[in-house]
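None of the values given here were measured: they were computed from a predicted structure. Here is the naming used below: chain letters follow the sequence lines, and residue numbers restart at 1 for every chain.
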Amino acid sequence: MSKTTGRAFENKKLVGELFTLTYGALVSQLIKDYEKDDEVNKQLDKMGYNIGVRLVEDFMARSNLGKCQDLRETADVIAKVAFKMYLNITPVVTNWSLANDEFSLILENNPLAEFVELPERHSDLSYANVLCGAIRGALEMLQLEVETWFLKDALKGDTATELRVKFIKKLTDALPAGED
Amino acid sequence: MDQSKRPRITILDKPTSRGKQEVSLSAFALLFSEMIQYSQNRVRSVAELQTKLSDFGFSVGSRLVDLLIVREKGNKREIKVLNILLFIKVQLWKALFGKEADKLEQASDDDKIYYIIEKEPVISTYISVPKDKGSLNCAAFAAGIVEAVLNFSNFPCKVTAHWHKGTTLMIKFDESVIARDKLVT
């Protein structure tokens, strides 16, 4: 295997519609399997978490950025680099809380929800919950515990989709008992 | 419509997307791997797993077929077998994977069977199959897409994925399709 010498290796692109429709097929299957919106939301979050955990390594390998100094930098990197690299969109970072520990990502047109309409009986479904899980998983691998949720969702009638991220605490690596 | 509710803009009111959006292959590969892991927990054999992947592909294909016909072909319907197969090889593959399929062949002994051959399918780029699941082919997903497109264009058939010269999708049409094709040509 050739050595990667620290330069970002090329980012192969794929047609967005395949991705959107594949995600749609997954959500439909989950709805058929679980029937309750809450359960489906939880599953999507779990899957997103697993994806985020692996995605962050791919991200660190490609982007070659150093450590972020504070939450503001982290938010900027997520919005401008990570989202752009993986979904080819740049959400806007806004609505910082007074304590500077919460922010919102506003997505103008969510590529995951591109041909989607939510029917009346699934009005509690957070369709793009996988994004919440992915951000949570990725940041947890970087020692930051966060909580993520959707504040507004374009599929439910709002103008844009707003994802809120709240910083909980920094995680320290705990060595298992017996090791020093 | 109920006056107290805000009139919801449905997706049918929006213009058809031009399909120029791109995402990274890693994002798709991770999502696909999650889907396979999810299905693996709910099935008991490799054949069932391939069926589940095929079902996912069927969902995708059924939504693609109308979109592509409106966008690429100006609402004309194909009625000949060879034409729909060429449509799949060229335009469906381009719309899905950004390039044409490698080869389209007809079986020499059976005129109901056609093969679409791909040396390295894009969706299986990061997938390695462990020994105990020897015959699993993730191109079952692509097989599902092709099956949906053919079935919804009124060419009933079954599509399966095999390991042969890379990845081969074997398309087996129903008798009625071939009989009808002979009448049209």
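Under the side-chain hydrogen bond (donor to acceptor under 3.5 Å, both in side chains) rule, A/E145 has a single partner from A/K169, A/K170, A/R136, which is A/K169.
Only the side chain of B/S33 has a heavy atom closer than 4.5 Å to any heavy atom of chain A. At a 4.5 Å heavy-atom cutoff, B/A29 makes no contact with chain A through either its backbone or its side chain. Using a 4.5 Å cut-off between heavy atoms, B/K52 contacts chain A through its side chain alone, with no backbone atom that close.
A cation-pi arrangement is present between B/R42 and A/Y34, with the terminal nitrogen or guanidinium carbon under 6.0 Å from the aromatic centre and inside a 45° cone about the axis. Cation-pi geometry between B/R180 and B/F173 is not satisfied (NZ or CZ under 6.0 Å from the ring centre, within 45° of the ring normal).
Between B/F152 and B/D66, the closest side-chain pair of non-hydrogen atoms is not below 4.5 Å.
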